[in-house]
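Notes follow once the structure below has been shown.
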Amino acid sequence: MPDDSPQPMPPPGPSSPARAVLLRGLAIVLLVLAAAAVGRMLLATGVLDGFDDLLLDHLHVESGSPGSRLALLLDVGLSPVPAAVLGLLLAVLVAVLRCRPAAGLRTAALVALPWAAAKLVKLLVGRPRPEADPLVALLVPVPGSSSFPSGHTAIAVALGGALLLAVPAGRVRAVLVVPAVVLALAAAWSRVALGVHHPTDVLASLVLVPLVVLLLDGVLPGRIRGGTTITVQTVQ
């Protein structure tokens, strides 16, 4: 006769939202490790050194030129302390406009965490800065920190991404895409133009940071989409 006795229930696994958060967190870790592996490969093989040197020569700016003034402005404005202030101001602005302090904290996290991810890759790679050409006068001192990826480019991308994700999808966000992209590309150009980063350093930030921002957008509570705020609720 068939056994009609109740069967034991399987232990509950993680819910779908929790599983999604875990998967996105794992993806961020894998992205950081992949970026570090690419940086170590570039350092060990020099496979793209010719590409880097070519762009360094072509994008260099002369002292006193309009390009040099813009590059120097970005150098100062996106350095760690001013960049942190910009991130804080953006977070406060979002909190005030949306009347939700949690929205400001979310924006601050979308700026700080991708920036931190880029800093971690720097520590894992340890790539030297471009060698200074004795015939070319550098406009800024060459930093002593690791070159790969570019921190200035990373914070520019993170600021733009956090701004875009702080507004609902629609016309306003579409308009804000333009300044966000311009800021990211200008920061990337300025680091190469000043001779303090290899082009592959800034390219790494342009690829890594947007992906980390998008993954974090699905992890952090309070995501907005199409004008709707999505909050995380717990069942008591």
Side-chain angles (χ1 to χ4, degrees), residues 28-61 67-68 70-84 86-87 111-134 136-162 180-215:
I28 292 173
V29 173
L30 293 177
L31 273 175
V32 169
L33 294 177
V38 171
R40 295 296 299 181
M41 182 270 293
L42 292 175
L43 179 60
T45 66
V47 64
L48 292 179
D49 285 356
F51 168 79
D52 281 336
D53 293 340
L54 180 65
L55 285 185
L56 278 167
D57 291 339
H58 280 79
L59 296 180
H60 173 74
V61 291
S68 69
L70 175 59
L72 290 171
L73 177 63
L74 292 168
D75 176 68
V76 174
L78 295 175
S79 57
V81 173
L86 288 174
V111 174
L113 295 179
W115 191 12
K119 291 291 186 182
L120 177 58
V121 176
K122 275 181 175 286
L123 294 176
L124 294 173
V125 175
R127 188 186 195 185
R129 298 281 176 161
E131 293 185 8
D133 187 338
V136 176
L138 292 178
L139 301 180
V140 294
V142 177
S145 59
S146 173
S147 186
F148 184 97
S150 165
H152 281 63
T153 306
I155 191 59
V157 176
L159 284 168
V181 171
V182 168
L183 176 62
L185 294 179
W189 160 81
S190 71
R191 306 315 287 161
V192 179
L194 292 174
V196 294
H197 272 291
H198 306 278
T200 45
D201 298 335
V202 302
L203 182 60
S205 291
L206 291 174
V207 173
L208 171 67
V209 176
L211 294 175
V212 174
V213 170
L214 289 175
L215 288 169

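If you're wondering where the values come from, they're calculated on a predicted model, not measured in any experiment. We're numbering straight along the sequence, starting at 1.
- In this structure a side-chain-to-backbone donor-acceptor pair under 3.5 Å is present from His58 to Leu54.
- The CG atom of Leu33 sits 12.0 Å away from the CD1 atom of Ile28 when rounded to the nearest 0.5 Å.
- Among all heavy-atom pairs drawn from Leu43 and Pro128, the shortest one is CD1-CD, 3.5 Å.
- Partners of Val47 by side-chain contact (heavy atoms from CB on, under 4.5 Å), not counting sequence neighbours, listed by chain and number: Met41, Leu42, Thr45.
- Rounding to the nearest 0.5 Å gives a distance of 7.0 Å between CG of Leu74 and CG of Leu183.
- The shortest side-chain heavy-atom distance between Thr153 and Arg191 falls under the 4.5 Å cut-off.
- For Leu211, the side-chain contact (heavy atoms from CB on, under 4.5 Å) partners at least two apart in sequence or on another chain are Leu31, Val207.
- In terms of the side-chain contact (heavy atoms from CB on, under 4.5 Å) criterion, residue partners of Ser147 (sequence neighbours excluded) are, by chain and number, Arg127, Arg129, Pro130, His197, His198, Asp201.
- Shortest non-hydrogen contact noted between Leu56 and Gly195 is CD2-CA, 4.2 Å.
- Among pairs with a residue in residues 38-50, none fulfils salt bridge (charged side-chain N to carboxylate O under 4.0 Å, His left out), at least two apart in sequence or across chains.
- Rounded to the nearest 0.5 angstrom, Leu30 CG and Leu215 CG are separated by 10.0 Å.
- Interatomic distance, OG of Ser190 versus CG of Leu185, reported as 11.0 Å (0.5 Å rounding).
- Remark: Ser205 pairs with no residue by the side-chain hydrogen bond (donor to acceptor under 3.5 Å, both in side chains) rule, at least two apart or across chains.
- Inter-residue side-chain proximity for Leu72 and Val140 is flagged as met; some heavy-atom pair is nearer than 4.5 Å.
- Side-chain contact between Phe51 and Thr200 is present, with heavy atoms from C-beta onward closer than 4.5 Å.
- Scored by the side-chain contact (heavy atoms from CB on, under 4.5 Å) test, Leu214 finds no partners at all (sequence neighbours excluded).
- Once rounded to the nearest 0.5 Å, the distance linking CH2 of Trp189 with CG of Leu55 reads 14.0 Å.
- Here the CG atom belonging to Leu194 is positioned 8.5 Å from the OG atom belonging to Ser68, to the nearest 0.5 angstrom.
- Of all heavy-atom pairs between Leu206 and Ala188, the closest is CD1-CB, 4.0 Å.
- Screening residues 115-126 for side chain to side chain donor-acceptor pair (under 3.5 Å) gives no qualifying pairs among residues at least two apart or on separate chains.
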